[in-house]
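Let me begin by presenting the structure, written as structure tokens, before commenting on it.
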Amino acid sequence: MISNLCIKVGKFTVESFITFTEFLGFSFVVLKKLIHFKILNPAIRLVFFRQVYFTGVQILNIFVLISFVMGLVFVGFLTQFLIKLNAYQEIGQVLSVLIIRELAPLISVIMLALRSSTAVSAEIAVMNITGETNTLKMYKIDLIDYLYIPRILAGLIAMVCLSSFFTFFSLAGGYFLLSIQMGADFIYIINVILDYISFSDILCFLYKAFLFGFILMAIPIFTSKNVKTANTEIPIALLKGMMRLFYGIIFVEITGFLI
């Protein structure tokens, strides 16, 4: 029994290491081509703007609502609790850590993963099965330039923008609650938070936003691009892609604590 367990653990470790190194190679190629992104190409530009619209714009209404509600729940009640404890000096520090370093990037990447990552993963898998990717290759169209980079770049832009929106609207929701219950001044709340925002908080926010934005699309694409011909491979690719993305989110969160 122990030997079988050791074999399974060893196999999982080796397979995970191989997958990780392959993903690093894929990421290096993508980042290298991202520097020379062909935005002036009409076809690539059209794909890129469509992905930005699908990933970031279509979700904006529900995202703003959720951000406002999260502000009511977390910012408002937490700030009210600290005020009742007379811990006024801790409000700015707690809110900067809670919103900027943690909630804004994490909630944004979870919402985008549930909506956009699964869609992109299924899209790439279906294109492989139906032979669309082979047709593009026959016409000497680079899959990375035409399919992968526009989606990854759209994920980056959407992640950074939505994380910033979450920060603003969650603070607005918290202020709305405090202004009703305690008559707190919005300028006072903002000044308290700004006084405690450090360079490391901003650096952590940008680190998580950009890295989350990259893996948000890169991991599902990397997983689904290996789908071949069977329709049964699509749900498997979706499951693998989301599990790998989940591991990636955990990795970014853990490394974010080091900043």
Side-chain angles (χ1 to χ4, degrees), residues 17-59 104-106 108-109 112-113 115-121 123-125 127-128 132-165 199-227 237 241 244-245 247-249 251-256 258-259:
F17 178 77
I18 294 174
T19 302
F20 180 71
T21 54
E22 290 177 349
F23 177 71
L24 288 181
F26 172 76
S27 301
F28 176 77
V29 174
V30 169
L31 292 174
K32 185 177 178 180
K33 292 208 168 195
L34 187 60
I35 300 175
H36 306 285
F37 180 52
K38 301 176 182 179
I39 188 63
L40 297 179
N41 185 302
I44 295 178
R45 184 170 65 243
L46 179 61
V47 173
F48 169 68
F49 285 124
R50 282 180 175 175
Q51 288 301 316
V52 171
Y53 175 75
F54 172 76
T55 305
V57 177
Q58 286 188 334
I59 199 178
L106 184 60
S108 300
V109 74
L112 289 174
R115 183 181 185 276
S116 301
S117 297
T118 52
V120 169
S121 181
E123 182 183 18
I124 298 300
M127 291 182 71
N128 283 336
E132 291 183 54
T133 53
N134 290 331
T135 302
L136 292 174
K137 291 177 183 178
M138 288 176 58
Y139 285 99
K140 300 186 184 302
I141 297 176
D142 194 320
L143 298 183
I144 295 179
D145 287 333
Y146 183 72
L147 290 181
Y148 304 160
I149 290 182
R151 288 162 174 79
I152 292 174
L153 190 58
L156 276 168
I157 295 174
M159 183 65 205
V160 174
C161 292
L162 291 181
S163 297
S164 302
F165 290 158
F199 177 75
S200 64
D201 293 330
I202 298 175
L203 186 62
C204 181
F205 174 83
L206 294 176
Y207 167 78
K208 288 185 176 181
F210 278 100
L211 205 55
F212 277 153
F214 180 79
I215 67 173
L216 184 72
M217 296 297 185
I219 290 180
I221 290 174
F222 168 77
T223 304
S224 295
K225 73 182 182 67
N226 295 320
V227 172
R244 290 171 179 175
L245 180 57
Y247 296 145
I249 291 174
F251 172 79
V252 175
E253 279 291 320
I254 292 176
T255 54
L258 302 177
I259 300 179

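In this chain, residues are counted from 1 in sequence order.
Annotation: side chain of F205 is not in contact with side chain of D201 (no heavy-atom distance under 4.5 Å). Between F214 and V30, the closest side-chain pair of non-hydrogen atoms falls below 4.5 Å. Q51 has its side chain within reach of V120: a pair of non-hydrogen atoms, C-beta onward, lies under 4.5 Å apart. T118 has its side chain out of reach of P220: every pair of non-hydrogen atoms, C-beta onward, lies at least 4.5 Å apart. Annotation: side chain of L147 is not in contact with side chain of I141 (no heavy-atom distance under 4.5 Å). Side-chain contact between T135 and Y139 is present, with heavy atoms from C-beta onward closer than 4.5 Å. With a 4.5 Å cut-off on side-chain heavy atoms, M159 and F210 do not count as touching.
With T21 contributing its side chain and I18 its backbone, the two residues share a donor-acceptor pair below 3.5 Å.
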I would like to know whether Y207 and L258 meet side chain to side chain contact (heavy atoms under 4.5 Å, CB included); could you show each step before the answer? CA-CA 11 Å; Y207 167 78; L258 302 177; over 6 Å; no

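In this structure, K208 and G256 approach most closely via the heavy-atom pair CE-CA, 4.0 Å. The two residues S224 and S121 have their closest heavy-atom pair at OG-OG, 2.6 Å. Heavy atoms only, all atoms of each residue included: I215 and L245 are closest at O-CD1, 3.4 Å. Counting all heavy atoms, side chain and backbone alike, I219 lies closest to R244 at CG2-CB, 3.5 Å. Here the closest non-hydrogen pair linking T255 and V252 is OG1-O, 3.0 Å. Across M217 and G155, no two heavy atoms sit closer than the pair CG-CA, 4.1 Å.
Geometrically, R151 does not engage F54 in a cation-pi contact defined by less than 6.0 Å to the ring centre and at most 45° from the axis.
In this structure, R45 places its CZ atom where more than 12 heavy-atom neighbours from other residues, nucleotides or ligands lie under 6.0 Å away. Heavy-atom neighbours of F23 CZ from other residues, nucleotides or ligands within 6.0 Å: above the threshold of 12.
Note on ring orientation: taking the six-membered ring where Trp is involved, the planes of F26 and F222 are tilted (angle from 30° to 60°).
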